[in-house]
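As structure tokens, the structure follows; a few thoughts come after it.
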There are 2 protein chains.
Amino acid sequence: MINKLVEKIKKTHAPIVVGLDPMLDYVPAQVQQAAFAEYGETLEGAAEAIWQFNKAIVDATYDLIPAVKPQIAMYEQFGVPGLQAFQKTVDYCHEKDLVVIGDVKRGDIGSTSAAYATGHLGHVTVGSKSFSTFNEDFATVNPYLGSDGIKPFIEVCKQEKKGLFILVKTSNPSSGEFQDRLIDGKPLYEYVGEKVAEWGEDHMGDSYSYIGAVVGATYPEIGKVMRKVMPKSFILVPGYGAQGGKGADLVHYFNEDGLGAIVNSSRGIIAAYKQEKYAKYGAEHFADASRAAVEDMIADIDGALQAAK
Amino acid sequence: MINKLVEKIKKTHAPIVVGLDPMLDYVPAQVQQAAFAEYGETLEGAAEAIWQFNKAIVDATYDLIPAVKPQIAMYEQFGVPGLQAFQKTVDYCHEKDLVVIGDVKRGDIGSTSAAYATGHLGHVTVGSKSFSTFNEDFATVNPYLGSDGIKPFIEVCKQEKKGLFILVKTSNPSSGEFQDRLIDGKPLYEYVGEKVAEWGEDHMGDSYSYIGAVVGATYPEIGKVMRKVMPKSFILVPGYGAQGGKGADLVHYFNEDGLGAIVNSSRGIIAAYKQEKYAKYGAEHFADASRAAVEDMIADIDGALQAAK
């Protein structure tokens with residue numbers, strides 16, 4: 001799957017991923033109203049609204065981008081109907097040949113991590129049958145529990161040719177509270193990054209590893225260091241746009257081959273119609289606003305990469 | 001909810017929690033067969049099997065125990081039908097007046113953490129209506145992302161009078177890989193524990209805080225230290241029984257009032273019928289074997305607490 005991701009990035013010239021994190025108040029009134037007319041103001045109604053919202057955005061952008069990253073929390077808050085919308089979204093993105101990064105940030109130990117890996121990336125056995133369930137292509141994983149938590153995910157990735165992005169340095173203001181703590185003069189996130197590199201070397205695709213890392217756009221100096229610590233790992237970079245990152249800040253997350261990183265934008269794309277810059281589209285044409293925002297993001301990042309050559 | 005937990009522990013003399021982590025191969029053949037006869041060898045069939053298994057164990061033990069801890073990964077692996085079984089299990093345990101600790105180990109930032117908190121502990125708004133979805137009483141949370149990840153959970157807990165158990169030191173062999181790293185001579189888990197104590201002091205129930213911690217049974221010396229670092233926090237202790245912990249090792253996780261900790265056993269209770277000790281019950285009477293294992297666990301832990309007085 002890392003090979004597919006690399007190939008699609010080369011084809012689209014777009015090392016970006018659209019974060020499908022549909023807060024209900026991002027969904028334009030007409031979409032909500034249509035869903036509520038059919039299902040009422042219920043969890044099913046909310047799930048339908050976010051599914052229709054996602055579908056319109058995917059339809060308007062899939063030819064420009066290699067990948068999407070649905071954030072499962074935004075679906076999970078609507079309970080079982082919300083998770084049905086998550087599943088429909090993943091399935092639909094696969095129909096459109098997009099790589100799907102499940103932003104699930106799961107992490108547990110042993111058989112429990114194996115169960116998460118099975119549910120999100122693998123196949124579960126029921127009697128004599130086998131089923132894939134949520135079936136994302138990559139999952140984000142939390143490293144706090146150490147190798148016991150990561151290895152069951154890696155096992156499933158090996159079987160299924162899928163991949164991981166392990167949290168190394170997150171984009172939020174308080175990420176330093178624990179992640180930046182110095183251990184023998186080196187921050188914790190660097191130790192985690194070294195582990196990612198180690199796991200990654202054993203699980204290589206053609207040019208990049210199946211085991212990637214998350215390093216936030218909001219810490220470009222750290223991105224520069226971590227790029228060297230994990231040369232063969234793709235870096236998933238959250239925090240572009242709405243959280244403050246810009247294309248020019250992000251060139252050091254990439255390798256000299258122009259690859260090795262994929263930058264996420266969620267709100268900046270899916271709620272673009274709410275920004276002054278894209279206001280002309282109006283809520284009615286929200287998906288066209290998202291397409292314009294994707295085009296601008298590609299120009300910003302690809303432009304910065306070209307300028308840095 | 002912490003007050004209810006304390007009250008129920010006092011009433012049952014059982015500072016224990018039964019981990020409802022139903023691997024499909026724990027479920028006796030007759031339960032699986034009945035479920036598959038109705039739903040086929042499908043995800044729905046698996047979900048029905050684990051739900052019927054849970055229900056029988058809850059029916060056989062609810063009068064002895066204060067709380068249960070369903071591990072959501074074991075349900076999530078069966079996709080949407082599995083999560084329906086999770087929801088049914090939580091709802092049924094509430095009918096039996098049990099405190100439900102959702103072992104979800106979620107953790108993200110800002111609005112994403114808020115969405116997880118809403119889905120598991122709070123109420124979500126849809127148009128003019130409001131719904132509680134998974135509706136656990138406590139949730140386990142991962143601290144790697146720092147305060148930005150924890151505070152949205154605390155906000156929901158304040159509104160709903162619910163609580164958290166934050167991962168401090170987990171029970172697995174490799175937990176030390178990052179958690180034990182020394183920062184100015186003090187391990188990372190101790191810094192996390194200090195934060196838990198700080199968050200906890202601001203969110204007190206009558207005698208204990210709404211904000212608790214997870215410290216594994218497999219590290220009793222660490223339990224002793226962390227008990228002092230977080231005097232007002234309940235400690236959820238995994239790793240009893242199957243992972244190696246014993247009652248006598250655990251007395252230092254408790255305060256002098258005999259409270260302050262709750263010890264989890266999952267496989268040791270729910271798959272008790274597979275142990276030689278309880279083999280006489282047979283797979284047919286698996287729930288009676290679970291009841292006997294609960295009685296033995298209470299005797300072991302309450303006995304150790306009495307002996308330590």
Side-chain angles (χ1 to χ4, degrees), chain A residues 21 23-24 32 36 41-43 45-46 71 73-74 76-80 82-84 87 105-113 115-116 118-119 124-129 131 133-134 142-149 167 170-179 181-183 188 191-192 195, chain B residues 21 23-24 32 36 41-43 45-46 71 73-74 76-80 82-84 87 105-113 115-116 118-119 124-129 131 133-134 142-149 167 170-179 181-183 188 191-192 195:
Chain A
D21 309 359
M23 306 274 280
L24 203 47
Q32 291 196 39
F36 296 164
E41 289 181 343
T42 59
L43 296 173
Q71 166 52 261
M74 295 303 170
E76 203 164 311
Q77 67 181 326
F78 297 110
V80 168
L83 288 156
Q84 274 165 328
Q87 171 119 56
K105 295 191 181 66
R106 299 305 193 244
D108 209 292
I109 57 171
S111 60
T112 311
S113 260
Y116 278 131
T118 296
V124 69
T125 301
V126 181
S128 60
K129 307 267 174 61
F131 300 89
T133 53
F134 291 116
N142 187 308
Y144 188 67
L145 294 94
S147 298
D148 300 331
L167 303 186
T170 55
S171 60
N172 54 307
S174 80
S175 68
E177 224 165 77
F178 305 125
Q179 296 166 24
R181 291 287 186 159
L182 292 180
I183 299 154
L188 174 64
Y191 283 94
V192 179
K195 273 283 175 193
Chain B
D21 307 2
M23 306 275 279
L24 202 48
Q32 291 196 40
F36 295 164
E41 289 182 342
T42 59
L43 296 173
Q71 165 53 260
M74 296 302 168
E76 203 164 310
Q77 68 180 327
F78 297 109
V80 169
L83 288 155
Q84 274 165 327
Q87 170 118 57
K105 295 191 180 64
R106 299 304 193 245
D108 209 293
I109 56 172
S111 59
T112 310
S113 260
Y116 278 132
T118 295
V124 68
T125 302
V126 181
S128 60
K129 305 268 174 61
F131 300 89
T133 53
F134 291 118
N142 187 308
Y144 190 68
L145 294 94
S147 298
D148 300 331
L167 303 187
T170 55
S171 60
N172 54 307
S174 80
S175 67
E177 222 164 77
F178 305 125
Q179 297 166 23
R181 291 284 186 163
L182 292 181
I183 298 153
L188 174 63
Y191 284 93
V192 179
K195 272 284 175 191

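Only this structure's heavy atoms are used, side chains among them; waters, hydrogens and symmetry mates stay out. Protein chains get the first letters and strands the later ones, always in sequence-line order, with residue 1 at the start of each.
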Quick one: of B:Ser174, B:Gly119, B:Ser175, who has the most non-hydrogen atom pairs under 4.5 Å with chain A? B:Ser174
Could you have a look at B:Thr42, B:Thr112, B:Val126 and say which one has the most heavy-atom pairs with chain A under 4.5 angstrom? B:Val126
B:Glu76 portion near chain A, given a 4.5 angstrom heavy-atom threshold: both
Answer key: most heavy-atom pairs under 4.5 Å with chain A among B:Glu41, B:Lys105, B:Gln71 is B:Glu41
Side chain, backbone, both or neither of A:Phe36 within contact of chain B (heavy atoms, under 4.5 Å): side chain
For side chain to side chain contact (heavy atoms under 4.5 Å, CB included), just list the numbers for B:Asp148 and B:Ser113, CA-CA rounded to whole Å, side-chain angles, deciding distance to a tenth of an Å, and then say yes or no. CA-CA 8 Å; B:Asp148 300 331; B:Ser113 260; over 6 Å; no
Top contributor to chain B contacts, counting heavy-atom pairs under 4.5 Å, from A:Pro173, A:Gly107, A:Gly176: A:Pro173
Contact class of B:Tyr116 relative to chain A, heavy atoms under 4.5 angstrom: both
Chain B: which of A:Gly45, A:Ser111, A:Gly110 shares the most heavy-atom pairs with it under 4.5 Å? A:Ser111
Chain A contacts, top residue of B:Leu145, B:Leu83, B:Asp21, B:Thr125 (heavy-atom pairs, under 4.5 Å): B:Leu145
Which one of A:Arg181, A:Gln84, A:Lys129 has the most heavy-atom pairs closer than 4.5 Å to chain B? A:Arg181
Heavy-atom closest contact (A:Ile183 atom, A:Tyr191 atom, distance): O-OH, 3.1 Å
Should B:Phe78 and B:Leu24 count as side-chain neighbours, where that means a heavy-atom distance under 4.5 Å? yes
Can you tell which part of B:Val80 gets under 4.5 Å to a heavy atom of chain A, answering side chain, backbone, both or neither? both
Toward chain A, the part of B:Phe134 with a non-hydrogen atom under 4.5 Å: side chain
Which region of A:Thr170, side chain (C-beta onward) or backbone (N, CA, C, O), has a non-hydrogen atom less than 4.5 Å from a non-hydrogen atom of chain B, or is it both or neither? side chain
Within a strict 4.5 Å, meaning less than it, do heavy atoms of the B:Leu188 and A:Tyr144 side chains meet? yes
What I'd like to find out is whether the side chain of A:Thr133 reaches to under 4.5 Å of the side chain of A:Thr118, using heavy atoms alone. no
If we define contacts as heavy-atom pairs under 4.5 Å, which of A:Arg106, A:Gln32, A:Met74 has the most with chain B? A:Arg106
Do you know which of A:Ala73, A:Ala46, A:Gly79, A:Gly146 has the most heavy-atom pairs under 4.5 Å to chain B? A:Ala73
For residues A:Ser147 and A:Lys195, determine if any side-chain heavy atom of one lies less than 4.5 Å from a side-chain heavy atom of the other. yes
Under 4.5 Å heavy-atom distance to chain A, tell me which part of B:Asn142 shows up: side chain, backbone, both or neither. side chain
